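The structure under discussion appears below in the form of structure tokens.
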2 protein chains.
Amino acid sequence: MRTDNKIEPAIRTRHATNRAADRILAAARDLFYKQGIRAIGVDEVVRKAGVTKPSLYRSFSSKDELAATYLRQYDHDFWEHFEESVKAFPGDPRAQILHFLEGVARRSQKPRYRGCGMTNAAVEYPEPDHPARRVSEENKKELRRRLRAMASAMGARDPDDLGDGLLLLLEGAYISAQLFGPDGPSRSLARNAELLIEASLRG
Amino acid sequence: MRTDNKIEPAIRTRHATNRAADRILAAARDLFYKQGIRAIGVDEVVRKAGVTKPSLYRSFSSKDELAATYLRQYDHDFWEHFEESVKAFPGDPRAQILHFLEGVARRSQKPRYRGCGMTNAAVEYPEPDHPARRVSEENKKELRRRLRAMASAMGARDPDDLGDGLLLLLEGAYISAQLFGPDGPSRSLARNAELLIEASLRG
DNA sequence: TGACAATGTTACCGATCGGTACGTATAGGT
DNA sequence: ACCTATACGTACCGATCGGTAACATTGTCA
């Protein structure tokens, strides 16, 4: 396997055995998300994956690249999830975003919830050129773009302000969930978003 | 800049006791805030402080305790700053919180801004019993209490929801500032808070 | 069966991690 | 001048960090 890693769901023509790389990525995903990237060493990743260190470095050029791959997968899953809410309410951006935020709020009630892996990674790696941070920043820029577009489609007086406001609430919910646990402010995410949307529409 | 004690025939009274500890704490404060606690080793702290490692461990029992002390100082400065906004508009909680949020938004425009040291530390240390996280959680709990109380004093329909909404916006601004830089969503923090407050008041 | 690629095994690297034993230098009080 | 207390520095600790070299083993397909 190459050291150039994309999110490539085992379409390997010959062998379907990406087993080692997949197990490593699955282990990294769990450990990195729950405990943080810096807190987890590569030894712990390979131990949990049931493989050895050379196997990791055959599939990933470095720990940083493994972290970036973990985030690329996170990005993929995030948008998949986001699109579900979009498709659930065609042509109704207000219902779309509210449905999505309700989902985040619901999930943030789970006891082991640790917020957004992207956001957390950006906090862990402030250096602008770190591969993990690059993925995270790209994801957030696209999210901002989408939210502003949805705010515009809702007919907001100032779409950029509303889109940014919704993003602030969302990011706040991600962080608050891991700070306060199940009974934190994230519970009222959708309610506050609804109020903010109402107050931002024309008329 | 070199602050060698040979060149400087300073008053090495027993105030020198605090000097090493103060220099260490000042160095730790700067490094921990800008680069993260896990990213900075104790060697780097003492090097920046111009002291040696044993000096650190004479004043702080461990790196974790140094981090907790850094956050306790952060907590003190935070509330000092918060109280300034409160005192600037006596009896007007709406103006108080808006003034505070405007200050956060203004500061978040500065290029090296890295959000809230408390929030960042909580992301870096998910373990509930870590000394740094304990300080952070306590600070956030008190902040939530204050915001809810202010929302109540404003006459909000549902004070807890509004207080939590303002907290979501604030935490979102902390995070967004370091994710997006000066032109990020944090710019619209006060505007969105104002809208949310308006929409949350009775009548 | 033979070729080949993926994976495992073992041992190792230099650097850095947080932390400390122990001797030295300097102060103030007498 | 001397004593004592204490701040400070030198040198070091074992553990762990991310990462690698060299070779053995396995499974799959031609």
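Each chain gets a letter, A, B and so on, in the order the sequences are listed, and its residues count up from 1. In this text, all values refer to a predicted model and were calculated from it rather than measured experimentally.
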Rounding to a whole Å, what distance do you find between B:Tyr57:OH and D:dC8:P?
-> 17 Å

Starting at CD of B:Glu65 and ending at P of C:dG18, how long is that distance when rounded to a whole Å?
-> 15 Å

Confirm from the modelled atom types if A:Arg23 and C:dG8 form a donor-acceptor pair under 3.5 Å, side chain to base only.
-> no

With sugar-phosphate meaning primed atoms plus P, OP1 and OP2, does B:Ile40 contact a base, only sugar-phosphate, or nothing at under 4.0 Å between heavy atoms?
-> sugar-phosphate

Are any non-hydrogen side-chain atoms of A:Leu71 and A:Asn139 less than 4.5 angstrom apart?
-> no

Which residue, A:Val42 or B:Lys53, contacts DNA chain D at a nucleotide closer to its 5' end, judged by nearest heavy atom?
-> B:Lys53

From D:dG18, C:dG8, C:dG19, nucleotide with atom closest to A:Thr52 side chain | C:dG8

Determine whether the side chains of A:Arg187 and A:Gln109 contain a donor N or O and an acceptor N or O closer than 3.5 Å.
-> no

Report the residue (A:Gly41 or A:Pro54) whose heavy-atom-nearest nucleotide on DNA chain D is the more 5′ of the two.
-> A:Gly41

No-hydrogen, no-angle side-chain donor-acceptor test under 3.5 Å, B:Ser176 and A:Lys140 | no

Got a donor-acceptor pair under 3.5 Å from the side chain of A:Arg58 to the base of C:dG8?
-> yes

Starting at atom CZ of A:Arg19, determine the distance to atom C1' of C:dA5, rounded to an integer number of angstrom.
-> 15 Å

Between atom CG in B:Asp43 and atom P in D:dA15, what is the gap in whole Å?
-> 18 Å

Integer-rounded Å distance: C:dT7 C1' and A:Leu56 CG = 13 Å

Atom-pair distance (CD1 on A:Ile24; P on D:dG18), nearest Å = 14 Å

Do we see a donor-acceptor contact under 3.5 Å between the side chains of A:His99 and A:Arg94?
-> no

